[in-house]
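To start, the structure under review is shown below, and the notes come after it.
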There are 2 protein chains.
Amino acid sequence: MLLAVDFQSDVPIYIQLKQQIIEGIARGRLAEGESLPSVRQLAQDIGINLHTVNKAYSLLKEGGFIIMDRRKGAVINTRQAMAAGDCREKLRDELAPIIAEVFCKGMKEEELIQEIARIYKSFSEDGKHGL
Amino acid sequence: MLLAVDFQSDVPIYIQLKQQIIEGIARGRLAEGESLPSVRQLAQDIGINLHTVNKAYSLLKEGGFIIMDRRKGAVINTRQAMAAGDCREKLRDELAPIIAEVFCKGMKEEELIQEIARIYKSFSEDGKHGL
DNA sequence: TCATCTGTTATATTTATACTATAACAGATG
DNA sequence: CATCTGTTATAGTATAAATATAACAGATGA
């Protein structure tokens, strides 16, 4: 899978990597059991330091998205393992400021939900091919 | 309106202020035409530097949420007519990583939309009292 | 066995951002 | 005229991001 890092972004590189890999899993481009490049390889490919990649992998491991295997490297975990833990509260804290802003800007509930549904479906439909 | 700053949070103080004020507008606790405290007053109340408050106000002004008036200070702006196209793209960029994560964790579309609707309604219902 | 790859850890440095501190200026207020 | 306002400038400190090297133990394949 191709990872594109924006060095001008105010989003830290290790966060960009983490997000893109999670999106890759959601879209089925990274299937369960598949291996990610080694921290050194990926760092070299992108042109960044291996510690930056390692930080992204550590977050993914912490979130249950990957498992570190001494032989196979970073392996995409099972969906069941990813589902562990409740994410509702974290989700609300992340969404509230975003929704408040578009609410003030006059976006209607139906428009917002339509936008959400569109993003969600973009994952589930891509996933059909990957799984 | 009461502003509660979490000094332990990894979210910068000026972002917390901005978000809470936008939420205050969304919930109708800050009505159109109402004035916010002066940067010096608010900074003293919270116990932070006036520049931190000023940064939050600058972002709110930039986003069209308030208007700086030499006499009345920071005044809550009239509900903005949404610049639809511009807002949508930013919205998608912010939502995609969040939705990808809960998608991987197995949250169904209906659950997600229900959660979104709940947050949205919490604004529109609070707004009934304020407006 | 041995060279090579792996993740992991440690330490140090540079850079950027967040926050604070102090000061000053121009416009508005009473 | 003293006092408040937002705004700007400058400088300092603290923390986080990213880099640069280095080393270690486990695993791999020749």
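Predicted model only: the values in this text are computed from it and were never measured. Here is how names work: the chains are called A, B, and so on, in the same order as the sequence lines, proteins then strands, and each is numbered from 1. What you see below is based on every heavy atom in this structure, not just the backbone, and it leaves out hydrogens, waters and symmetry mates.
As a whole-Å value, the separation of A:K18 NZ from D:dA18 P is 14 Å. Computed from coordinates, the B:L50 CG to D:dA9 C1' distance equals 13 Å when rounded to whole Å. Per the geometry, CG belonging to A:D10 stands 9 Å off P belonging to C:dT17, to the nearest Å. Atom CD of A:Q8 is separated from atom C1' of C:dA16 by 13 Å (rounded to the nearest Å). Rounded to whole angstrom, the span from the CD atom of A:Q41 across to the P atom of C:dT6 amounts to 7 Å. Rounded to whole Å, the distance from CG on A:D6 to P on D:dA18 is 12 Å.
When distances are taken from the side chain of A:H51 to each of D:dA18, D:dA23, D:dA20, the shortest belongs to D:dA20. If you check C:dA18, C:dA24, D:dT21 against the side chain of A:N49, the one that comes closest is D:dT21. Listed candidates were C:dT20, C:dT9, C:dA18. Nearest to the side chain of A:N54 is C:dT9. Nearest nucleotide to the side chain of B:I13, out of D:dA18, C:dC19, C:dG7: C:dC19.
For A:R40 against C:dT8, a side-chain N or O and a base N or O form a donor-acceptor pair under 3.5 Å.
For D:dG6, the paired nucleotide is C:dC25, the pair qualifying as Watson-Crick or G-U wobble because both relevant distances are below 3.5 Å. Nucleotide C:dT20 has D:dA11 as its partner under the Watson-Crick or G-U criteria, with both atom distances under 3.5 Å. Pair assignment for C:dG30: D:dC1, on the basis of Watson-Crick or G-U wobble contacts that are both within less than 3.5 Å.
Within the 4.5 Å cutoff, no side-chain heavy atoms of A:Q20 are placed close to those of A:E23. Side chains of B:L42 and B:L36 form no contact here, defined as non-hydrogen atoms less than 4.5 Å apart. The shortest side-chain heavy-atom distance between B:R118 and A:R92 falls under the 4.5 Å cut-off. Using a 4.5 Å cut-off on side-chain heavy atoms (C-beta onward), B:K18 and B:E62 make no contact.
The pair A:E34-A:R29 does not count as a salt bridge, with every side-chain nitrogen at least 4.0 angstrom from each carboxylate oxygen.
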Decide side chain to side chain contact (heavy atoms under 4.5 Å, CB included) for B:F7 and B:V5; before the verdict, give the C-alpha distance in whole Å, the side-chain angles of both, and the deciding distance to 0.1 Å. CA-CA 6 Å; B:F7 293 96; B:V5 171; 4.2 Å; yes
Residue pair B:V53, B:I48: steps toward the side chain to side chain contact (heavy atoms under 4.5 Å, CB included) verdict: CA-CA 8 Å; B:V53 177; B:I48 59 176; 3.8 Å; yes
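Two different hydrophobic clusters hold A:I67 and A:I25 under the rule that ILVMFWY side chains link at heavy-atom gaps under 4.5 Å.
For the OP1/OP2 pair of C:dT6 and a distance below 4.0 Å, the side-chain nitrogens and oxygens of A:S38 include at least one atom meeting the criterion. Close to D:dA18, at under 4.0 Å from its OP1 or OP2, lies no side-chain N or O of A:K55. Taking only side-chain nitrogens and oxygens, A:T52 never comes nearer than 4.0 Å to OP1 or OP2 of D:dA17. Taking 4.0 angstrom as the limit, B:Y14 places a side-chain polar atom (N or O) nearer than this to OP1 or OP2 of C:dA18.
Positionally, the nearest nucleotide of DNA chain D for B:V39 lies more toward the 5' end than for the other of B:V39 and A:I48.
If you check every strand for non-hydrogen atoms under 4.0 Å, B:Y57 touches nothing.
Shown for residues 58-78 of chain A: residues whose heavy atoms fall under 4.0 angstrom of DNA chain D, namely A:R70, A:R71.
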